[in-house]
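Below is one structure, written out as structure tokens; the observations come after it.
Atoms within each ligand, like the ligands themselves, are counted from 1 in listed order. The structure displayed is predicted, hence computed values, not measured ones.
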Amino acid sequence: MTVKPLTATASGPLTGDVRVPGDKSISHRALMLSAIAVGESRVEGLLEGEDVLCTAAAMRALGAEIERDDNGVWHIWGRGVGGLQEPANVLDMGNSGTAARLLLGLLATHPLTATMTGDESLRGRPMGRVTRPLGEMGAAFTGRSDLSGKGRDLLPLTIQGSDSPIPITYRLPVASAQVKSAVLLAGLNTPGETTVIEPAHTRDHSELMLRHFGARIKVEETSEGRATTLTGQPELTGRYITVPADPSSAAFPSVAALLSPGSEITLRAVGMNPHRIGLFITLREMGANIEFTNEREEGGEPVADLIVRAGPLQGIEVPAERAPSMIDEYPVLAMAAACAEGTTVMRGLAELRVKECDRLAATARGLEACGVKVEEGEDSLIVHGVGAAAGYRPEGGGTVATHFDHRIAMSFLVLGLVSKAPVTVDDATAIDTSFPDFQRLMTGLGAHVFARNAPVPSGA
Ligand code: S3P
């Protein structure tokens, strides 16, 4: 396997007006729901990153017809609820936990057998969190066990979907939109009502899009948490979907601009789903100048244009209950915290340990390699900002291990833009899973990000 180290060095102000790629969560769901709707769906703004392309390939293997036209619009002709066909080969979900878990949900209530695998990172991620409730609904699974012999819920994993699915009420043991979505998607081809109760609110893209395709979804606040109920066996019909720009990708140029003195950038049509914008709320509490303008709705999701201007940040204590709305953004928040005045305390981060890599450890080790003081707890991270005395600039100079994690790679490249010495990430290939254009877009804004053997940009 070829690795691609990338280096970021101190840059001048970032300026420009850009649109980051489409939302990854919404893109996966758009392909999956279109594949089980009747008739044609058209999807504009789909993220064409590796994770989503894996989902497209899987949905094709399950019988959907999928084409991309010359204008970048994706056309999907679906097979109707319950109409997916048995795949002729193993489904490779690449690096994507969302693709794997949501698809296991869809397949759980189709009477077919399928085997799913993924890359080394995905093969290490827990699938028991979805196979348990899906097993209650009637599906059977045989997975690989971990090295200790425990489990049998790792990929490669074979699912035998149920031919007589049972509706369930499931209380989520962890705040996870993937688990919630897997159960709801399984509920589509199940008679009666399937309910998921979540103690903490997680992103609701599945619910919004299921409604958009014609499903009946009821949401109630109960003493146990938010209960979402889907009425099974609806007729879903092909729809038009516009995918907003991904707030989780917008996070990287946003933090880079906040930390690079003199910067002002505009980010167009960023998804503003309230369950996704915890980072922007937190950064504003730290003193960031982020303006939400032109707020509107696109394809059933709120979006806005963001104007981000540089300025000093103050360390804060981030409320733990905010974690589900910014779960993917803690690594890049930690970069902002490293440059802030004072200490930033982040708690309730246990889920970071089971993402594309152990993001809590990877963030802590990378910051240490760049001369930033951190305290890593079981589910917490405390970052001591370098503050005004150091000109808000960490030492840098480290080579950071990314563990094939796109968000770790992009976060540390952002740090390199504002560090005293360059920061190198050992392998940036994973960035293609979610933000294939990252280097070009950042360079266009004025950032110095380059391959180590490429010529160093002038002024770097
Ligand atoms: C996602 C949910 C989150 C998030 C992931 C995308 C989704 O995972 O980290 O990147 O699209 O539902 P969890 O559900 O495991 O928290």
Side-chain angles (χ1 to χ4, degrees), residues 21-33 46-47 49-52 54-55 93-106 118 121-122 124-134 153 170 172-186 196 198-210 226 228 243-244 246-252 271 273 275-279 301 320-333 348-360 362-363 379 405-408 410-411 430-431 433-435:
D23 189 280
K24 186 145 75 80
S25 293
I26 295 176
S27 295
H28 286 302
R29 287 158 172 85
L31 289 172
M32 288 188 196
L33 291 188
L46 189 88
L47 167 65
E50 282 171 0
D51 275 12
V52 175
C54 284
T55 294
M93 308 319 294
N95 188 245
S96 180
T98 307
R101 293 185 179 124
L102 268 57
L103 194 53
L104 285 173
L106 261 188
S121 150
L122 188 57
R125 295 182 67 185
M127 293 295 146
R129 52 179 58 197
V130 290
T131 60
R132 271 187 293 277
L134 298 176
D153 63 2
Y170 189 65
L172 288 184
V174 285
S176 166
Q178 292 178 0
V179 180
K180 172 177 64 174
S181 301
V183 174
L184 291 175
L185 292 179
V196 180
E198 47 179 352
H201 295 181
T202 62
R203 65 192 70 191
D204 59 356
H205 304 304
S206 299
E207 296 90 303
L208 294 176
M209 202 180 289
L210 278 163
R226 176 182 283 187
T228 303
V243 181
D246 197 327
S248 298
S249 296
F252 301 105
N273 183 304
H275 305 298
R276 294 289 300 283
I277 55 170
L279 173 76
E301 291 272 353
E321 59 277 13
R322 195 176 288 160
S325 70
M326 53 182 294
I327 195 66
D328 292 332
E329 280 66 75
Y330 282 99
V332 75
L333 175 64
L349 309 187
E351 278 294 298
L352 291 196
R353 299 221 181 258
V354 289
K355 294 294 177 189
E356 283 83 331
C357 74
D358 176 347
R359 284 187 175 155
L360 195 40
T363 303
D379 69 347
D405 186 316
H406 53 133
R407 300 199 202 283
I408 296 297
M410 290 185 277
S411 296
I431 293 176
T433 62
S434 70
F435 200 157

Practice problem: Please state which part of H28 comes within less than 4.0 Å of ligand 1, counting heavy atoms only: side chain, backbone, both or neither. | Solution: neither
Quiz item: Against heavy atoms of Q178, which atoms of ligand 1 measure under 4.0 Å?
Solution: 1 (C), 2 (C), 5 (C), 6 (C), 7 (C), 8 (O), 12 (O), 13 (P), 14 (O), 15 (O)
Exercise. Using a 4.0 Å heavy-atom cut-off, say whether K180 meets ligand 1 through its side chain, its backbone, both or neither.
Key: neither
Self-check item: salt_bridge(R203, D23) N-O dist < 4.0 Å
Solution: no
Quiz item: Below 4.0 angstrom, N of the basic side chain to O of the carboxylate: do D328 and R276 qualify?
Solution: no
Practice problem: Please report which non-hydrogen protein atom sits nearest to atom 12 (O) of ligand 1, along with the residue it belongs to and the distance in Å to one decimal place. | Solution: R29 NH2, 2.7 Å
Practice problem: Flag the pair Q178 / V130 as yes when at least one side-chain heavy-atom distance between them is below 4.5 Å, and no otherwise. | Solution: no
Quiz prompt | Identity and separation of the nearest protein heavy atom to atom 10 (O) of ligand 1 | solution = D328 OD2, 2.7 Å
Quiz item: Any side-chain donor-acceptor pair under 3.5 Å between T202 and K180?
Solution: yes
Self-check item: atom 11 (O) of ligand 1: nearest protein contact (heavy atom, Å)
Solution: S25 OG, 2.7 Å
Quiz item: Of all the atoms in ligand 1, which lie at a distance below 4.0 Å from a heavy atom belonging to A177?
Solution: 12 (O), 14 (O)
Quiz item: Nearest to atom 6 (C) of ligand 1, what protein heavy atom do you find, and at what distance?
Solution: T98 OG1, 3.3 Å
Quiz prompt | All ring-ring contact (aromatic ring centres under 6.0 Å, His included) counterparts of Y330, not counting sequence neighbours | solution = none
Quiz item: Under 3.5 Å between some N or O of ligand 1 and some N or O of S181?
Solution: no
Quiz item: Short list, please: which atoms of ligand 1 are under 4.0 Å from a heavy atom of I327?
Solution: 9 (O)
Quiz item: Where is the nearest protein heavy atom to atom 3 (C) of ligand 1: which residue, which atom, and how far?
Solution: K355 NZ, 3.8 Å
Quiz item: Between V332 and L279, is any pair of side-chain heavy atoms under 4.5 Å apart?
Solution: yes
Quiz item: Among all residues two or more places apart in sequence or in another chain, which pass the side chain to side chain contact (heavy atoms under 4.5 Å, CB included) test with E50?
Solution: D432, T433
Practice problem: For the residue pair S25 and H205, confirm or rule out a side-chain donor-acceptor distance under 3.5 Å. | Solution: no
